[in-house]
Protein chains: 2
Amino acid sequence: MEGSAPRRTRIQQEKRELILEAALEVFSANGFRGSTIDQIAEAAGMSKPNLLYYFRRKEDIHETLMQRLLDTWLAPLRELDDIGDPMTELRSYIRRKLEMARDFPRESRLFANEILQGAPRIMPMLEGELKTLVEEKAAVIKGWMRAGKIARTDPWHLIFSIWATTQHYADFDVQVRAVLGPDRGGDGRFEDAARFLEQLFLDGLKPKA
Amino acid sequence: MEGSAPRRTRIQQEKRELILEAALEVFSANGFRGSTIDQIAEAAGMSKPNLLYYFRRKEDIHETLMQRLLDTWLAPLRELDDIGDPMTELRSYIRRKLEMARDFPRESRLFANEILQGAPRIMPMLEGELKTLVEEKAAVIKGWMRAGKIARTDPWHLIFSIWATTQHYADFDVQVRAVLGPDRGGDGRFEDAARFLEQLFLDGLKPKA
DNA sequence: CTAACGTTTGTCCAACCGGTCAAAATTTTG
DNA sequence: CAAAATTTTGACCGGTTGGACAAACGTTAG
């Protein structure tokens with residue numbers, strides 16, 4: 001797809017990292033169209049033309065950012081493994097996703113922004129790599145169901161519900177904090193969420209008979 | 001906050017509705033900064049200056065849209081009532097929210113966009129009206145838990161999980177459809193989702209002993 | 001009919017924005 | 001050190017955007 005990776009000097013590597021870090025901050029807060037090169041340049045501590053020396057177009061920054069994001073973003077799902085106890089596997093998948101929402105909220109929001117706008121830049125990846133990965137894992141989950149290890153349901157929607165509930169704490173963070181208020185909405189909210197989600201996915205809400 | 005509502009001619013009422021409808025389409029697809037007055041004007045079938053005759057600033061359109069949105073958006077939660085069987089109440093709340101995601105995806109995306117950008121325009125409402133409403137309903141749910149009608153958990157995070165799982169089908173629609181593929185991702189996906197969510201919130205994933 | 005009022009349009013503007021370019025400053029290399 | 005290569009900067013450009021405005025057009029009531 002791309003030619004061989006261009007050689008880069010030490011300065012180029014450092015400055016490119018600096019720009020990507022600044023761009024993550026700006027893009028995740030304002031979206032692609034809502035962000036200006038000037039904003040990113042200022043956040044990175046350099047002038048606009050200087051930034052454009054490292055990335056020729058605004059889109060190049062976004063593209064690079066998105067490519068890096070996707071690998072780390074899908075890592076937890078890739079780790080979902082056939083070995084080990086199914087219920088434990090699912091529980092640690094949920095925990096890992098929630099930790100990502102806590103530790104990398106900007107990445108989550110960048111992704112959410114892209115999807116919300118119709119995923120114009122990563123549609124091929126959704127229909128290709130992501131679809132294949134989910135199919136693979138859905139098969140694993142189906143195996144667990146056939147073996148009677150977990151209840152029978154739709155594996156795809158199960159995965160969606162894990163994505164939705166965990167990423168909610170990154171993407172809708174301001175709302176979560178506003179609704180919980182200063183006391184409940186402090187740092188402890190992720191542990192509360194983890195406890196709740198564990199129970200939800202394990203037992204649901206029906207009272208113990 | 002605002003003076004008495006200005007008198008409006010018949011034409012003004014109609015045209016304002018037309019503009020709001022067009023703006024919902026454009027804003028929900030491109031975000032606030034990503035949308036131009038020209039786009040909205042074209043979608044509404046009028047010229048930019050003409051549109052600006054009805055709404056003096058771009059922000060006014062967005063603000064009006066947001067105010068209207070919030071009422072209908074919170075209606076399902078307001079309906080969550082103490083009368084009736086708790087488990088049934090929760091199930092129909094989930095169903096109503098999922099129906100809103102299906103029937104009003106643009107409203108959902110508009111709201112998601114606003115929250116993602118840090119809710120600059122509706123923060124007071126989140127900390128006021130919304131927080132109060134959720135507190136009220138959390139108390140109702142706590143009552144159910146005390147009465148042994150549903151399992152004991154955190155009512156706040158329960159509400160978040162319902163929001164997250166249902167709105168996911170509007171906000172991340174492109175991703176859902178891409179991952180499900182043409183066959184599974186058709187119109188039936190909302191029924192599949194409803195079935196899955198009902199089971200999840202009722203029984204969780206633990207296999208029936 | 002006509003005056004008053006409401007609506008629509010074309011033109012214009014200043015600010016912003018993505019990106020170019022050549023020259024200056026700096027760093028690297030021989 | 002000095003030449004070569006790299007990095008930084010200021011000035012600039014064309015296109016877009018939000019919004020202003022006055023003139024033209026349409027509608028309605030006396």
Other residues, nucleotides, ligands: >12 heavy atoms within 6.0 Å of B/D183 CG =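 Above 12, so yes.
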Relative to the 5' end of DNA chain D, which residue comes earlier, B/I37 or A/M46, by the nucleotide with the nearest heavy atom?
->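 Going by which nucleotide is closer to the 5' end, it is A/M46.
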Using atom [atom1] of [X] as one end and atom [atom2] of [N] as the other, report the distance to the nearest whole Å.
X	N	atom1	atom2	value
A/H62	C/dC17	NE2	C1'	17 Å
B/D60	D/dA20	CG	C1'	15 Å
B/D38	C/dG10	CG	P	13 Å
B/Q39	D/dT16	CD	P	12 Å
B/K15	C/dT8	NZ	C1'	8 Å
A/E42	D/dT9	CD	P	14 Å
A/F55	D/dT8	CZ	P	13 Å
B/Y54	D/dG19	OH	P	18 Å

Please work out which of the three classes, parallel, tilted or perpendicular, describes the rings of B/F111 and B/W73, given edges at 30° and 60°.
->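 Answer is tilted, since the angle falls between 30° and 60°.
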Please state whether the rings of B/H62 and B/F27 are parallel, tilted or perpendicular, taking 30° and 60° as the class boundaries.
->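 Plane angle over 60°, so perpendicular.
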Given C/dG19, C/dG18, C/dT11, which nucleotide is nearest the side-chain atoms of B/P49?
->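 Output: C/dT11.
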Ion pair B/E135/B/K131, N-O distance below 4.0 Å |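 Salt bridge between B/E135 and B/K131, a charged N being under 4.0 Å from a carboxylate O: yes.
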Consider only side-chain N and O atoms of A/T88 and A/D85, and report whether a donor and an acceptor are under 3.5 Å apart.
->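 Yes, a side-chain donor-acceptor pair sits under 3.5 Å.
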Modelled atom types, side-chain donor and acceptor of A/D192 and B/W156, under 3.5 Å |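 No, B/W156 and A/D192 have no side-chain donor paired with an acceptor closer than 3.5 Å.
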Can you give me the N/O atom pairs linking the protein to nucleotides 28-30 of chain C at distances under 3.5 Å, or say none if there are none?
{"from": "C/dT28", "atom 1": "OP1", "to": "A/R10", "atom 2": "NH2", "distance (Å)": "2.7"}

For [N] and [X] - does any side-chain N or O of the residue sit under 4.0 Å from the phosphate oxygens OP1/OP2?
X	N	answer
B/K48	D/dA20	no
A/S47	D/dT9	yes
B/Y53	D/dG19	no
A/N50	D/dT7	no
A/Q12	D/dT6	no

Are the aromatic ring centres of B/H157 and A/Y169 under 6.0 angstrom apart?
->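 Aromatic pair counts; centres sit under 6.0 Å.
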